[in-house]
Amino acid sequence: MTVDERRRRADVLDETAAPGPGRFTGPATGDELPMLAGFLADQRATLVLKCAGLGEELAHRSVEPSTLSLLGLVRHLADVERHWFREILAGQKDARPLFSSPASPDGDFDEASAGPAAVTEAWEAWRAAVDFADRFTAEAPHLDVTGEDEWRGEVSLRWVLIHMIEEYARHNGHADLLRERIDGTRGV
């Protein structure tokens, strides 16, 4: 693909038409909770935008031997959302990952395969996890609500929100490169 064939995402996608929330709509001043929730919503909307207009192409891998794909990112982030908000903060110990397991710790990426059902399943799981996380955050009395994680120990809602913003920001960088490899679209 030549430089002339590459397109900026803004040139080919109407951001307001992408499925999901708009970006950069959160408050720029005010209390910490709405600001953190706004930044996380922006990062989630960025993932949706980077995947917009794609179906089975979401399963296209980056480059061998990597199993990184947009579909893998959606599956991974669904599991990460479930882990931190359901399992750790809400204490739902039965809310195990949907796409990985102790036997296949990288199953979210390694087992992401093309097909309309796989794409639908991943987006439905991601949306359900995001909906739960948003409800949990909105209903939390304060940012110091805590849960116990075997990796980090005691974590607060504040820490989880900051961690999730970082997690999405890092993976949205991967998504930029993956999308450009799929169809040359880049930017935003």
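These figures come from a predicted structure and were not determined experimentally. Numbers here are sequence positions counted from 1. Only this structure's heavy atoms are used, side chains among them; waters, hydrogens and symmetry mates stay out.
- Residue Glu87 forms a side-chain hydrogen bond (donor to acceptor under 3.5 Å, both in side chains) with just one option from Arg96, Lys93, Arg82, and that option is Arg96.
- We find the CG-CG distance between Leu49 and Asn172 to be 9.5 Å, quoted to the nearest 0.5 Å.
- Ala78 and Ala129 make their closest contact through O-CB, 3.7 Å (heavy atoms, listed as atom of the first residue, atom of the second, distance).
- No single ILVMFWY cluster, assembled from side-chain heavy atoms under 4.5 Å apart, contains both Leu71 and Phe99.
- Atom CG in Leu178 sits 13.0 Å away from atom OG1 in Thr185 (nearest 0.5 Å).
- No side-chain heavy atom of Ser62 sits under 4.5 Å from any side-chain heavy atom of Leu177.
- Between Phe109 and His76, the ring centre distance stays below 6.0 Å.
- Taking the charged nitrogens against the carboxylate oxygens, Asp183 and Arg179 do have a contact shorter than 4.0 Å, which makes a salt bridge.
- Between Phe132 and Phe136, the ring planes lie parallel to each other; the angle is under 30°, not in the 30° to 60° tilted range.
- Counting only N and O atoms by type, the side chains of Ser100 and Asp108 include no donor and acceptor under 3.5 Å apart.
- Not a single donor-acceptor pair under 3.5 Å links the side chain of Glu81 to the backbone N or O of Asp79.
- A heavy-atom distance below 4.5 Å is not found between the side chains of Thr137 and Leu40.
- In summary, of the residues considered (Arg75, His171, Met164), a side chain to side chain contact (heavy atoms under 4.5 Å, CB included) with Val80 occurs for Met164 alone.
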Go through Glu32 and Met35 one step at a time and tell me if the side-chain contact (heavy atoms from CB on, under 4.5 Å) criterion holds.
CA-CA 5 Å; Glu32 187 178 13; Met35 198 171 297; 5.7 Å; no
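- Glu124 CD to Glu121 CD: the interatomic distance, rounded to the nearest 0.5 Å, is 8.0 Å.
- Closest approach of Leu143 to Ser156, counting heavy atoms only: O-CB, 3.6 Å.
- Hydrophobic clustering keeps Leu89 apart from Leu98 (ILVMFWY residues linked when any side-chain heavy atoms are closer than 4.5 Å, directly or through intermediates).
- Between Phe39 and Ile162, every side-chain heavy-atom pair lies at or beyond the 4.5 Å cut-off.
- Distance check, rounded to the nearest 0.5 Å: OG of Ser66 to NE2 of His174 gives 9.0 Å.
- Note on Leu73 and Val63: separate hydrophobic clusters, where clusters join Ile, Leu, Val, Met, Phe, Trp and Tyr whose side-chain heavy atoms are under 4.5 Å apart, directly or indirectly.
- Residue Asp31 places its CG atom among 12 or fewer non-hydrogen atoms of other residues, nucleotides or ligands, all under 6.0 Å distant.
- When every heavy atom of Ser69 is checked against every heavy atom of Ala112, the shortest pair comes out as OG-CB, 4.1 Å.
- When hydrophobic clusters are built by joining Ile, Leu, Val, Met, Phe, Trp and Tyr residues whose side-chain heavy atoms come closer than 4.5 Å, directly or via intermediates, Trp84 is grouped together with Trp126.
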- Query: Between Asp134 and Val130, is a side-chain contact (heavy atoms from CB on, under 4.5 Å) present by the stated rule, with each step listed?
  - Reply: CA-CA 6 Å; Asp134 284 347; Val130 167; 3.7 Å; yes
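- Counting only distance, with no hydrogens or angles, the side chain of Asp149 and the backbone of Ile88 share no donor-acceptor pair below 3.5 Å.
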I would like to know whether Phe85 and Leu161 meet side-chain contact (heavy atoms from CB on, under 4.5 Å); could you show each step before the answer?
CA-CA 9 Å; Phe85 290 98; Leu161 289 168; 4.0 Å; yes
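- The heavy-atom pair separating Leu36 from Ile165 by the smallest distance is O-CD1, 3.6 Å.
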side-chain contact (heavy atoms from CB on, under 4.5 Å) between Thr46 and Tyr168, intermediate numbers included:
CA-CA 9 Å; Thr46 298; Tyr168 273 93; over 6 Å; no
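- When all heavy atoms of Arg86 and Ala128 are compared, the pair lying nearest together is NH2-O, 4.5 Å.
- When all heavy atoms of Ile182 and His60 are compared, the pair lying nearest together is CG1-CB, 4.1 Å.
- Panel note: side chain Arg61, backbone Thr67; a donor-acceptor pair is recorded below 3.5 Å.
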